[in-house]
Visitor: 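I'd like to ask some things about the structure below.
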Amino acid sequence: MGSATTRDPVRIEVRGLSKAFGSVQAVSDLGFTVEPASVTGFLGPNGAGKTTTLRMVLGLERPDAGTATFNGAPYASLPEPVKTVGAVLETAFHPARSGRNHLRVYCRAAGLPLSRADEVLTEVGLAEAGGRRAGGYSLGMRQRLALATALLGDPPVLVLDEPANGLDPEGIQWLRGFLRALAHEQGRTVLVSSHLLSEVEQTVDRVVIVGAGRLVREGSIEQLRSGAVGAGMVLVRSPDSVRLAEALRTAGGTVTQEDDGALTVAGTTPAEVGRRAFAAGVELHELRPQTSGLEEIYFELTAGREQFAAHSLGSDTDTEAAR
């Protein structure tokens, strides 16, 4: 795997970004930051403006207002963009060209040594398939080849749109470890758009959630959990739940009994619940903080937003434009 440790870290900053396609406001006053040495998930419903935002970040769409910069410089001003930013927005290859030759074409265009083609094929696990026609690759192999293309310039920044599409469970596990190694071991800045929320939760350090082209929430997974419904809740199980609930309520706790017999206690900690149970002589079978997963947090943040439904239910043209 290439190394970005000799380069200065690069921060992506999006400030006041806006873009409309006719009557559809795809992105509106959007702002967020993508930090170096971390994997940031870029999430939102269909039509939320994710792809349009990524295209503006990469200089493929001109914003109506606002900026997207890499350490203060827009993509168009980077002296050697391929050596600063590697991107995967779609997987398009000449079907008759081998994976190796596809990469060599990009090497020639970017002024990179042809040896980089074999190096990145090895990095993404396609060394043995490099001589095969790309038209015969599976969707997962094409995703790996697209990632290899993004890595040719050994860039400190990677911007990836749905890189896990088409990967089998083994491939998804490999991608998770690969992206985290790029960020945590090499200090690269990784921005990943994805619909696989359970996988994102295991991969990313931070998330940026957008809806209807606007920022909904930005922060680490833990920061999102701390603000979610259920934060500060403790789940506890006991064969004597009635006596335990009475002891907790006597101590001022707000206790709710669930359908399966478990108790949820608001505004406390597992240690405090355990202490109260011990004092009451009540046996415990389970005691843990009740945390929300990313999928629950995501739907909590996006539920009931009429503008999301308006984008998702618009015409095909409007929906595509608002991506």
Side-chain angles (χ1 to χ4, degrees), residues 32 38-46 48 164 168-170 172-173 176-177 180 184 192 194-212 214-310 312-313:
F32 60 87
S38 66
V39 183
T40 298
F42 191 40
L43 312 177
N46 287 336
D168 58 18
E170 182 181 356
I172 290 175
Q173 184 179 40
R176 180 196 313 154
R180 291 182 68 82
H184 300 165
V192 182
S194 179
H195 285 93
L196 302 177
L197 297 182
S198 60
E199 179 55 33
V200 167
E201 185 169 13
Q202 299 180 69
T203 304
V204 306
D205 304 294
R206 302 177 69 255
V207 295
V208 173
I209 301 177
V210 296
R214 294 181 178 273
L215 180 68
V216 175
R217 189 68 61 84
E218 174 184 10
S220 69
I221 298 291
E222 289 308 314
Q223 287 172 330
L224 265 65
R225 281 177 176 154
S226 68
V229 172
M233 303 283 284
V234 174
L235 184 141
V236 59
R237 296 181 191 274
S238 169
D240 194 354
S241 59
V242 173
R243 191 152 62 97
L244 176 60
E246 181 181 351
L248 293 171
R249 289 190 180 108
T250 299
T254 301
V255 183
T256 303
Q257 182 149 11
E258 306 297 335
D259 292 341
D260 62 358
L263 302 178
T264 55
V265 191
T268 188
T269 65
E272 178 63 18
V273 171
R275 189 174 70 82
R276 295 291 179 184
F278 179 79
V282 177
E283 177 183 351
L284 298 184
H285 288 179
E286 183 178 7
L287 176 61
R288 60 178 174 83
Q290 186 171 348
T291 59
S292 298
L294 179 59
E295 186 171 282
E296 296 172 84
I297 295 168
Y298 172 87
F299 286 115
E300 176 190 325
L301 291 171
T302 59
R305 292 174 175 265
E306 294 180 0
Q307 62 266 44
F308 291 174
S312 298
L313 298 176

Visitor: Counting distance only, does the side-chain N/O of R180 pair as donor-acceptor with the main-chain N or O of T203 below 3.5 Å?
Guide: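 Yes; at least one donor-acceptor contact below 3.5 Å.
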
Visitor: For the atom pair CG (D240) and NE2 (H285), what is the distance rounded to the nearest 0.5 Å?
Guide: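 Between atom CG of D240 and atom NE2 of H285 there are 10.5 Å.
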
Visitor: Give me the atom names and distance for the closest heavy-atom approach of G211 to A48.
Guide: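 Closest approach of G211 to A48, heavy atoms only: CA-CB, 4.0 Å.
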
Visitor: Is a side-chain donor or acceptor of S220 paired with a backbone partner of D205 at a separation under 3.5 angstrom?
Guide: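 No, the answer is negative, given that no donor and acceptor are paired below the 3.5 Å cut-off.
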
Visitor: For a quick test of your reading: what N or O donor-acceptor pairs under 3.5 Å do the side chains of residues 247-255 make, sequence neighbours left out?
Guide:
residue	atom	partner	partner atom	Å
R249	NH2	V255	O	3.2
T250	OG1	E246	O	2.8

Visitor: Looking at every non-hydrogen atom in both residues, tell me the closest pair between V282 and L244 and how far apart they are.
Guide: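 Shortest heavy-atom separation between V282 and L244 comes out as CG1-CB, 3.9 Å.
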
Visitor: Check the surroundings of atom CD in Q257: do more than 12 heavy atoms from other residues, nucleotides or ligands lie under 6.0 Å from it?
Guide: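 Yes - once you tally the heavy atoms of other residues, nucleotides and ligands closer than 6.0 Å, there are more than 12.
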
Visitor: Less than 4.5 Å apart, side chain to side chain, heavy atoms only: is that true for L284 and V236?
Guide: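 L284 vs V236: side chains touch.
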
Visitor: Around atom CD of E170, are there more than 12 heavy atoms of other residues, nucleotides or ligands at under 6.0 Å?
Guide: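 12 or below, so no.
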
Visitor: Measuring only between side-chain heavy atoms, which start at C-beta, is D260 closer than 4.5 Å to R237?
Guide: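 Yes - at least one pair of side-chain heavy atoms lies under 4.5 Å apart.
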
Visitor: When rounded to the nearest 0.5 angstrom, what distance separates CG in L287 from CG in L263?
Guide: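 The distance works out to 11.0 Å.
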
Visitor: Of all the heavy-atom pairs spanning S194 and V200, show the shortest one and how long it is.
Guide: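 Looks like CB-CG2, 3.6 Å.
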
